[in-house]
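Please read the structure below before turning to the comments.
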Amino acid sequence: MSQVHDLLRRVFGFTCFRGLQEQVVDHVVSGGDALVLMPTGGGKSLCYQIPAMARPGTGLVVSPLIALMQDQVGALQRMGVAASCLNSAQDGEESRRTCRALCRGELDLLYVSPERAVMSGFLDMLESCRLSLIAIDEAHCVSQWGHDFRPEYLQLAELHRRFPDVPRIALTATADEPTRADILQRLELFQARKFISGFDRPNIQYLIQPKQEVRRQFLEFYRSHHPGEAGIVYCQTRARVDRAAGWLREEGLEALPYHAGMTSDERQRNQERFLHEEGVVMVATVAFGMGIDKPNVRFVAHLDMPKSVEAYYQETGRAGRDGLPATAWMAYGLADVMGLLQLMSRSQAPPERRALERRKLDAMLGFCETAGCRRQVLLRYFGEELPERCGNCDTCLHPVAIVEGTIAAQMALSCIKRTGERYGVGYLVDVLLGRANPRIQRAGHDRLPTFGVGRESSAREWSSVFRQLAAAGLVEVDMEGYGGLRLTPASWDVLKGRRSFPLRQDPVAARQRSRSKALPVRVPAVESDLFEALRRKRLELARQERIPPYVIFHDNTLLAMVQSRPATLEEMAEVPGVGEVKLARYGQIFLEVLRSA
Ligand code: ADP
Ligand code: ZN
């Protein structure tokens, strides 16, 4: 058996490489540079961990988040890998010990922050060490176009100038072409071979619905799909995060807030609980999540629409890293679009950047409004064709009805026109429904011919019409003024009957009633007790050792134990995810749980 296969089996307990891993490992082991693009959960870490161990010297890993570095290193140490980290959160003695081990050549892997990686004292110290490779994790942080831009990453090319012969590997899950080109440029990775795997995350189910009563909608989803399981709930603003965490707690969820307005202590504490306990729901702004490698996040829910398809993909990608079924759930509405447009109108970015953001937002709304397969639309956005409908998204599970909507569109557009292109959706819907509120009376809009023409439909249906008109570019939101709706040149094609308007029927009532077939980690009832018993044991051990439970074994390793029922240590060694060191440390303990069941 080759050395890398031996490491894979002995240290990590896996029998074979996945996807492009083997090619990347071979290339880097033989000294080549690489850019690795794999979706979250694709198994990027092995791509540098195994070469670092296989090659002589220490692998230097640049990783952006100190909090997570510690967990990654802890997980490696538990597998018997000589890994360590240097960061500003450590005390002097700890750092000195790590430096000594590094200089003696005792480390396989050293994790550092980008700030540390470019300090001159640190670089000088590296001169006297042997480096096996340099890995740059979350490499999109180097790009201005990425969403997690970190200025320190810009200096990382310095590492290469100091150590030109050491192979480098940059890794990211961010897909788009400008970011990719930017990474290669800024890291001066001119000779790097590119390893790009597909972006599909087949284990993630996509469920998207228009926002009505978002609290009820979310709770129905949570209780029917993932009760008691860990997840992330994203909101657009800090205030909404605090409110959502509040009502979720009232509903009995273990919900914690996370946003940039909290002290770093509070954030740290909540993150820690999310990682170390089971079933915590993190309610957060987008500030939360970069590099979160908790494998058993069972759902990611968006209570507000994200600002782009890239952001949506990145955020939902945090669900189901372990490959087990997970859900990406979202409720969206035109108010979300307004909120995002308002943020954009306040930004100081140059006009072309703002135009780009605007286009990205339009694409996101279009994704929400599609009647096609979500996964096909999502992947097409990243240049990938999925030949058939996926069967695992809301529009595949419950096909959407398309009805003729031209007359409704004409009513809505003429209502905008006749009220002077100044009003928001709420006002316009009231006019259409013939609700003569004082504002409407003062403006004299209760005397318009459009007043009350829409009484046949409900307020909800009219909101949907306006949303879909916006998604189709048939109305635009005036962000320089007060967010009123305006006509666009294309609107006139509909108004004059030159263009028809198919309307997607929001199948809300129907969808809420039916339960999805693809359920999360579900094992047959007889076996679920055993799975729970293994999980309890894992949590007990994790508490004793003060580590996240998944550092001991991942959920899929426990599920594999339930399925194969090992009775001896030899059989236990065959379970995926049980390497030599973990076998020695935990094998007997888990065998006993299996035996007593
Ligand atoms: P990424 O960093 O790309 O998001 P990770 O490196 O965290 O992904 O790996 C995701 C999950 O897949 C982890 O649970 C990891 O243990 C598992 N994994 C990685 N490679 C393999 C493999 N060859 N066989 C089985 N499981 C693997
Ligand atoms: Zn689908």
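Quick note: numbers below take in every heavy atom, side chains included, and nothing from hydrogens, waters or symmetry partners. When a ligand or atom number is given, it counts from 1 through the structure's own listing order.
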Are [X] and [Y] packed together at the side-chain level, in the sense that at least one heavy-atom pair is separated by less than 4.5 angstrom?
| X | Y | result |
| --- | --- | --- |
| Tyr234 | Ile232 | yes |
| Leu583 | Leu569 | yes |
| Pro549 | Glu277 | no |
| Ser63 | Glu138 | no |
| Leu76 | Tyr111 | yes |
| Val337 | Leu361 | yes |

Does any N or O atom in Gly43 lie less than 3.5 angstrom from one in ligand 1, N or O only?
->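 Between Gly43 and ligand 1, an N or O pair is found under 3.5 Å apart.
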
Is the closest N or O pair between His554 and ligand 1 shorter than 3.5 Å?
->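 Yes; the residue has a nitrogen or oxygen that sits under 3.5 Å from a nitrogen or oxygen of the ligand.
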
Among all protein heavy atoms, pick the one closest to [atom] and tell me residue, atom and distance.
| atom | answer |
| --- | --- |
| atom 16 (O) of ligand 1 | Phe14 CZ, 3.4 Å |
| atom 10 (C) of ligand 1 | Gly41 O, 3.6 Å |
| atom 17 (C) of ligand 1 | Arg18 NH2, 3.8 Å |
| atom 11 (C) of ligand 1 | Arg321 O, 3.7 Å |
| atom 19 (C) of ligand 1 | Gln21 NE2, 3.7 Å |

So, 4.0 Å and heavy atoms of [X]: is ligand 1 close enough to count as a contact?
| X | answer |
| --- | --- |
| Pro576 | no |
| Asp322 | no |
| Met38 | no |

Give a yes/no verdict on a cation-pi contact between Lys294 and Phe274, requiring under 6.0 Å between NZ or CZ and the six-membered ring centre and an angle within 45° of the axis.
-> yes

Against heavy atoms of [X], which atoms of ligand 1 measure under 4.0 Å?
| X | result |
| --- | --- |
| Phe17 | 23 (N) |
| Ser45 | 2 (O), 5 (P), 6 (O), 7 (O) |
| Cys16 | 22 (C), 23 (N), 24 (N) |
| Pro39 | 3 (O) |
| Thr40 | 4 (O) |

Tyr332 pairs by side-chain hydrogen bond (donor to acceptor under 3.5 Å, both in side chains) with which of His302, Arg467, Gln209?
->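 One option only clears the test, and that one is Arg467.
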
Can you tell me, to 10 degrees, how wide the angle at the Zn ion (ligand 2) is between SG on Cys393 and SG on Cys396?
->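 The two atoms subtend 100° at the Zn ion (ligand 2).
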
Stepwise side chain to side chain donor-acceptor pair (under 3.5 Å) test for Ser464 and Gln468 | CA-CA 6 Å; Ser464 171; Gln468 295 188 50; 3.0 Å; yes

When Glu22, Gln23, Gln21 are each screened for side-chain contact (heavy atoms from CB on, under 4.5 Å) with Cys47, the one that passes is Gln21

